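Input: a single structure, listed below in structure tokens.
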Amino acid sequence: MTEFSIWEKLKEELSQDAKIDQKVYNSYISKANLIENQKNDYTLVVKSSIGARLVEQFLPNISEIIKKYTNQLPQIDIITNEEFKKQEKINNEIINKVATDYEFSFEHFIHGPSNTLAFRAAWSVVENPAQWSPLFIYGDSGLGKTHLLKAIEYEIKNKQPNLKVKYITSEEFGHQVVEAIQNGSDAIEKWKKDFISNDFLLIDDIQFLAKKEKTNEILFTIFNHFLENKKQLVFSSDKVPDQLNGFDNRLITRFNLGLTTQIKPLDLDTALDIVDAEFKTQGLNKEVPEEVKNHCAKFYANDVRKIKGCIRKIVFWISTTEDSVLDIDLLNEIFKDIPVVNLGILNVKKIKEVVSEKYGVALKTLDGKVRTKENVNARHVAMYLTREILGHSLTAIGSEFGGRDHTTVMSGIKKIENSIKAEKSFKNQIEALKNKIMSK
Ligand SMILES: Nc1ncnc2c1ncn2[C@@H]1O[C@H](COP(=O)(O)OP(=O)(O)OP(=O)(O)O)[C@@H](O)[C@H]1O
């Protein structure tokens, strides 16, 4: 018998019990709910605290009736609706927190050549707090910076609960500073005190605090406190400290004081491991052909978020379309509305082939160091088209074109953009190349 039917039975019997005041029954017992927490352990939820007190005196009667149905004397707690809602909220928060936190743990961070340094740096912060402070992790969007910050938070919270750790996005940080400032000097001091009481402070996407003078001033004092007291700071950003515009120089110098580490676009093996893990997480009970995995990994190696999105889409498609065969043709079908995701056709190699043919330069010189005018122009065009068609990040393009840094890539792309603006014939030439690549 479920707790619901027990309760319905109980109410029937209680309503006929001469020892129970009818007013108490009508106002409270008939409107209460009985919840079974575990076997033989119940919570009776009553609408108000007065009601709870009145019903309490009938607990022995209620227990006896339950025993008639379960053969055991139950444990019953009485709480009010309000208390119940609060408790339920806390329980839900705990459940959600555990689920999301665990997803972002070190165990779930797949590492290989492209991100292993950042992974090890994050882990060393957990093992030897403050030895490397601040730790500054930078890299393009979707490559796991937040994941590593949250993994540090998860690890400290669960394994070293004596240490206090605070993870915060820079937007939230800025928002809290503004709110505290609006509430006056006592509020800002109280807020700062609370902040510096942490042993670990992890601020995500610090680039969003650029040009926020007052917030940066406060960050500066918090920063100094952490350094002076040998506590751990961790920042993530999309750029190295020296390229962060809109920050005071004294903050940039401090960002550089500890350990700075990059997460690079994924190498193929790491991307493939992530693809495998994501297919497993999504619960696809079908063999995934190597060529499909390869395409997902290669195409999205510059953003894990996109790898995950792509796999979710594939799994959804497979689970809703009967008899579909998971192969490259199916991928092209799934992603046909997004031309750049035409997985069977487009990749950097194809772009390089079309460009080298057009300008009559050898394919390998596009990655090389030869700086004749023709080679440099062809290289810049190929980089520009890689950005334009595939949407790869500057850093990714740098590694795809012979290990160049992203500023070199940026200036090459800029030159092509300027020429497109200045010369109609050049613009047409680039358009024609683009069409050729897209239709290849
Ligand atoms: N190496 C990895 N192993 C497993 N999952 C990863 C890895 N890198 C990233 N992810 C997952 O990819 C998604 C995006 O990662 P995350 O939010 O950490 O990126 P980010 O670098 O902080 O991006 P942004 O700069 O846009 O905030 C998350 O679901 C994260 O768990």
Side-chain angles (χ1 to χ4, degrees), residues 96-126 134-155 165 167-175 201-210 233-241 243-245 255 260-283 293 296-316 391-396 399 406:
N96 290 337
K97 206 156 172 15
V98 168
T100 51
D101 284 356
Y102 188 54
E103 193 191 325
F104 285 97
S105 62
F106 282 110
E107 280 89 344
H108 284 97
F109 190 85
I110 293 166
H111 55 105
S114 45
N115 57 17
T116 207
L117 277 180
F119 174 83
R120 278 201 237 138
W123 184 248
S124 75
V125 152
V126 170
L135 169 63
F136 195 98
I137 302 177
Y138 72 96
D140 288 333
S141 178
L143 290 177
K145 302 181 297 293
T146 300
H147 191 131
L148 284 180
L149 262 59
K150 293 205 148 240
I152 296 173
E153 183 198 23
Y154 178 83
E155 202 66 24
V165 54
Y167 163 90
I168 190 164
T169 62
S170 58
E171 280 124 323
E172 180 56 24
F173 182 86
H175 174 73
L201 176 58
L202 322 169
I203 307 188
D204 205 358
D205 286 325
I206 196 79
Q207 74 273 8
F208 293 130
L209 290 185
L233 285 165
V234 183
F235 298 102
S236 84
S237 158
D238 65 346
K239 300 178 192 69
V240 266
Q243 281 169 9
L244 278 171
N245 292 322
F255 286 140
T260 300
T261 177
Q262 183 187 11
I263 304 192
K264 296 188 185 142
L266 299 175
D267 57 283
L268 185 59
D269 286 343
T270 312
L272 277 169
D273 287 345
I274 292 178
V275 167
D276 269 338
E278 193 57 26
F279 270 118
K280 254 190 219 132
T281 307
Q282 294 302 317
K293 291 186 194 168
C296 297
K298 274 189 196 153
F299 196 81
Y300 289 121
N302 62 342
D303 190 339
V304 180
R305 209 175 272 128
K306 287 189 188 156
I307 291 188
K308 292 192 170 184
C310 155
I311 290 170
R312 272 171 215 167
K313 197 162 178 181
I314 294 171
V315 173
F316 177 75
H392 286 187
S393 69
L394 298 174
T395 319
S399 46
H406 81 282

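Not measured: the values here are computed from a predicted model. For ligands, and for the atoms within them, numbers begin at 1 and follow the listed sequence.
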I263 and ligand 1 - part of the residue with a heavy-atom distance under 4.0 Å: neither
Residue pair H175 / E172, side-chain heavy-atom distance below 4.5 Å: yes
Min N/O separation R305 to ligand 1 under 3.5 Å: yes
Any side-chain heavy-atom pair of D205 and S236 under 4.5 Å: yes
Heavy-atom side-chain proximity of Y138 to K239 below 4.5 angstrom: no
Under 3.5 Å: N/O of T146 near N/O of ligand 1: yes
Residue selection (non-hydrogen contact nearest atom 2 (C) of ligand 1) among L148, I110, D205, D273: I110
Whether D238 lies under 4.0 Å from ligand 1, heavy atom: no
E278, K308, K145: member with heavy atom nearest to atom 25 (O) of ligand 1: K145
Options A271, A277, G142, G309, ranked by nearest heavy atom to atom 23 (O) of ligand 1, top entry: G142
Minimum non-hydrogen distance to atom 15 (O) of ligand 1, winning option of S237, A151, G144: G144
Nitrogen or oxygen atoms of F109 and ligand 1 under 3.5 Å apart: no
Proximity of H111 to ligand 1 by residue part, where a heavy atom lies under 4.0 Å: neither
Part of D140 within contact of ligand 1 (heavy atoms, under 4.0 Å): backbone
Polar atom proximity, F104 to ligand 1 (N or O, under 3.5 Å): no
Identity and separation of the nearest protein heavy atom to atom 4 (C) of ligand 1: H108 O, 3.2 Å
